[in-house]
Amino acid sequence: MATSGISRNSDVVMYYCCTICKTERSVEIDADFYCKKCLKYFCRTCINSHRQHGRWFYKKTPYGKDKIRKWPLSKKMETSLLICIIHKREKLTMFCPDHNHLCCSKCVELNHRLCVQVTPLPQAAGGKSTNFKNLSVSTENTLSQLKQCQTCQEDRIKSLKVSYKEHERLIVDGLRVNIVSYLRECETSTVNTTHKHMQYPISEMREEIKYLLADFEKSTIKEKKEELNLKQAPLKVVRNSCIRLHYELFHLHVAIPKVLGKELSFIASKKCLENIQQSNIFIKENFPNHVFTVNGKSVHNVKMPSESGTCHITAVCALPNGQVLVADYINKRVKLLNQQYRVVSHLDVRDGFIEDMCLITPTEFAVAMSNKEVQFITVSQSQLAKGRKLKLQHYCAGIAHNQSDLYICSGTALYKFTLSGELVCRLYEDSSADVTVFKCAVSPTGDRLYITSYWQDELLTLARDGTLLATYTDPALWRPVGLHVTPAGQVLVCGSRSDTVLQVGWEGQSKLATLATQKDGVKFPWSVCYSSITSSIIVGQLGDNILVFRVE
């Protein structure tokens with residue numbers, strides 16, 4: 001686990017600075033490497049000068065951030081541990097068990113005069129020892145949540161940017177088409193029927209319109225950019241806070257095993273607990289397990305005139321530009337819908353039935369096929385095109401993607417693959433019945449995997465390594481199929497026979513809300529997806545219609 005995103009202008013104390021940058025340029029740059037031979041730290045630029053070690057350099061590669069646990073405890077961290085968090089110039093001297101706080105003399109004077117058990121640090125450190133194993137688990141969980149919160153904000157920032165660009169393009173393109181059409185009408189009706197001298201006013205008109213169009217583009221774009229910056233500003237503030245809290249907690253977590261002496265070890269563990277508490281408060285305030293509220297519904301027919309069979313929408317994916325992909329099992333095709341949910345393009349996939357699909361990038365997605373293949377498809381200018389294929393040794397019932405890893409359900413097992421098709425491992429298996437591992441989804445940070453177990457009527461939650469963390473059952477989750485995790489980590493799941501769409505807590509242990517039922521038009525829901533661009537939950541089902549629920 002490594003930290004990222006700490007900039008030169010950040011208010012975070014950089015515990016490991018590049019030695020070259022600091023000594024030769026008087027600039028503090030976060031270090032990326034440590035050399036145990038010369039006991040120096042290097043950023044990515046200065047590491048090149050380190051090749052002076054010649055053969056030794058290539059034989060004994062400097063430790064990168066992925067091996068930061070092997071770096072020594074920095075002097076900055078040791079000094080920072082001894083300093084009071086509130087009164088930055090004061091050293092810690094006491095501990096208050098009543099408030100579970102480390103204190104300096106000023107803290108005691110201002111906030112702990114009435115506390116009867118304030119104890120000197122050496123005495124407090126000699127008491128009951130800290131359970132470092134439990135502390136490590138708590139720290140890892142909090143770090144994972146902070147990373148998930150950071151990813152959520154970055155996705156929202158990216159979505160706003162994509163939405164702005166698409167909106168800008170549509171406005172300008174629409175105006176351009178109208179002007180060109182108007183000019184053609186003028187040329188046809190005027191130039192061909194009047195004297196040649198009429199061509200000159202029209203030419204002048206053409207030039208004038210070009211100038212007007214340029215001015216319009218500049219003013220509109222400037223206005224939209226200002227609007228975009230205003231919307232992104234609060235998201236960036238929260239994202240930067242996530243980065244700062246993660247950085248501080250991570251370095252404390254890494255430092256604890258290296259700390260020598262009972263007193264310093266006691267301080268490090270207490271500071272780690274304080275940071276966990278502070279981070280958890282921040283997460284609850286900014287990223288509560290937000291429950292969706294439905295405030296509108298629309299129905300959209302996705303059947304094409306040429307199709308005779310009833311549609312069966314087995315997968316739905318929302319693109320960053322607001323368009324939507326749907327997979328039609330019966331008609332063996334992928335359909336691209338515009339922001340009004342009308343079919344604008346399609347691609348036939350005749351080699352097998354489409355079981356599931358997932359986004360890989362904003363312009364590429366992977367389709368899980370019944371013939372044991374994964375077909376990659378690209379989207380460009382509202383057109384779909386086939387790409388490469390992966391051939392597998394087992395059935396492909398469900399598919400998900402996260403951080404360059406593919407997760408594929410075979411019906412009874414969950415496998416992890418690289419994007420090139422190399423099998424990494426089998427994460428989970430249940431051969432007690434058929435279709436025990438049907439569909440899958442991954443949390444934004446990849447620390448939780450979710451599986452629908454069809455015949456068992458269960459939603460399973462796994463750890464990153466495949467360890468079973470939770471099993472959730474509910475009468476409203478009869479024959480669960482469709483499964484989706486939003487960029488904020490909210491879990492959506494469909495009960496195909498109970499005609500329901502539920503929101504489940506990210507822990508996978510409780511129902512937060514019933515979002516839609518048969519009363520709302522839900523019938524055999526087979527797929528579900530959330531679009532952050534339109535704030536909508538899109539439900540694909542057995543039938544020609546998809547349902548779109550506006551949520552907040």
Side-chain angles (χ1 to χ4, degrees), residues 312-320 323-336 345-380 383-431 434-444 446 448-452 454 460 462 464-466 481-485 526-527 529 540:
H312 183 185
I313 307 305
T314 51
V316 181
C317 291
L319 296 175
Q323 293 181 317
V324 175
L325 292 162
V326 297
D328 188 339
Y329 183 90
I330 299 296
N331 295 295
K332 293 186 176 182
R333 57 181 39 156
V334 178
K335 302 172 185 178
L336 179 65
S345 180
H346 74 276
L347 182 68
D348 291 340
V349 188
R350 298 298 181 188
D351 298 334
F353 293 99
I354 303 172
E355 297 287 351
D356 201 1
M357 63 184 183
C358 66
L359 285 182
I360 306 298
T361 70
T363 58
E364 184 183 37
F365 59 101
V367 177
M369 305 290 295
S370 62
N371 62 346
K372 300 182 181 180
E373 288 183 351
V374 175
Q375 172 71 66
F376 289 86
I377 297 175
T378 57
V379 189
S380 179
Q383 295 299 313
L384 305 173
K386 289 182 183 178
R388 61 195 176 90
K389 282 184 183 179
L390 299 181
K391 293 188 180 293
L392 306 179
Q393 299 299 312
H394 56 76
Y395 192 73
C396 304
I399 190 168
H401 170 258
N402 181 266
Q403 298 174 6
S404 299
D405 291 319
L406 276 179
Y407 298 88
I408 298 178
C409 301
S410 69
T412 57
L414 176 66
Y415 296 93
K416 181 178 176 180
F417 289 85
T418 64
L419 282 175
S420 61
E422 181 183 347
L423 175 63
V424 178
C425 62
R426 182 175 59 197
L427 286 166
Y428 179 81
E429 185 173 24
D430 181 359
S431 302
D434 292 332
V435 202
T436 53
V437 184
F438 195 24
K439 305 294 180 183
C440 61
V442 193
S443 67
R448 272 178 167 73
L449 307 167
Y450 302 93
I451 295 172
T452 52
Y454 187 77
L460 309 179
L462 312 178
R464 192 190 303 268
D465 62 358
V481 184
L483 186 59
H484 178 72
V485 181
W526 208 262
S527 52
C529 181

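Hydrogens, waters and symmetry mates are skipped; everything else that's a heavy atom, side chains included, is used.
Taking both residues in full, the closest heavy atoms of A413 and R426 are given as CB-CD, 4.1 Å, listed atom of the first, atom of the second, then distance. The shortest heavy-atom contact between P320 and P362 is CG-CB, 3.7 Å. L384 and F365 make their closest contact through CD2-CE2, 4.3 Å (heavy atoms, listed as atom of the first residue, atom of the second, distance). In this structure, A441 and A400 approach most closely via the heavy-atom pair CA-CB, 4.1 Å. Between G411 and A397 the shortest heavy-atom distance is N-CB, 4.3 Å.
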Quick one: do L462 and L414 satisfy side chain to side chain contact (heavy atoms under 4.5 Å, CB included)? Show the steps, please. CA-CA 10 Å; L462 312 178; L414 176 66; 4.0 Å; yes

CA sep, side-chain torsions, deciding dist, call: F417, V374, side chain to side chain contact (heavy atoms under 4.5 Å, CB included): CA-CA 11 Å; F417 289 85; V374 175; over 6 Å; no

Any chance you could lay out the side chain to side chain contact (heavy atoms under 4.5 Å, CB included) test for I330 and D328, step after step, and finish with the verdict? CA-CA 6 Å; I330 299 296; D328 188 339; 4.0 Å; yes

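At a threshold of 4.5 Å between non-hydrogen side-chain atoms, the residues T378 and T363 do not count as touching. Between L319 and V324, the closest side-chain pair of non-hydrogen atoms is not below 4.5 Å. Looking at heavy atoms from C-beta onward, V334 lies out of side-chain contact with L336 at the 4.5 angstrom threshold. Residues T412 and H394 form no side-chain contact, since every pair of their non-hydrogen atoms from C-beta on lies 4.5 Å or further apart. Side chains of V485 and P444 form a contact here, defined as non-hydrogen atoms less than 4.5 Å apart. Side-chain contact between Y407 and L427 is present, with at least one heavy-atom pair separated by less than 4.5 Å. Contact annotation: the side chain of L419 approaches that of H401 to within less than 4.5 Å [non-hydrogen atoms, C-beta and beyond].
Rounding to the nearest 0.5 Å gives a distance of 7.0 Å between CG of N371 and NZ of K391. In this structure, CG on L325 lies 11.5 Å from CD1 on I313, to the nearest 0.5 angstrom. The distance from atom SG of C396 to atom CD of Q375, rounded to the nearest 0.5 Å, is 12.0 Å. Considering CD1 of I451 and NZ of K439, their distance stands at 13.0 Å, rounded to 0.5 Å. Going from atom OG of S420 over to atom CG of L390 covers 7.5 Å, rounded to the nearest 0.5 Å. Atom NE2 of H484 is separated from atom OH of Y450 by 12.0 Å, given to the nearest 0.5 angstrom.
The number of heavy atoms from other shown groups lying within 6.0 Å of CD (E422) does not exceed 12. Counting non-hydrogen atoms of neighbouring residues, nucleotides and ligands closer than 6.0 angstrom, the CZ atom of R388 exceeds 12 such neighbours.
Pairs of residues two or more places apart, or lying in two chains, that qualify as salt bridge (charged side-chain N to carboxylate O under 4.0 Å, His left out) and include a residue from residues 392-419 are D405-K416.
Ring-plane geometry between Y454 and F438 is classed as perpendicular, the angle between the planes exceeding 60 degrees on a 0 to 90 degree scale with a lower cut at 30.
Listed by chain and residue number, nothing satisfies the ring pair (Phe, Tyr, Trp, His ring centres under 6.0 Å) test with Y428 (two or more places apart in sequence, or in another chain).
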Please list every donor-acceptor pair under 3.5 Å in which a side-chain atom of residues 347-360 meets a protein atom from a residue at least two apart or in another chain.
residue : atom : partner : partner atom : Å
D348    : OD1  : R333    : NE           : 2.7
D348    : OD1  : R333    : NH2          : 2.9
D348    : OD2  : R333    : NH2          : 3.4
R350    : NH1  : N331    : O            : 3.1
D351    : OD2  : K389    : NZ           : 2.8
E355    : OE2  : Y395    : OH           : 2.2
D356    : OD2  : I399    : N            : 3.1

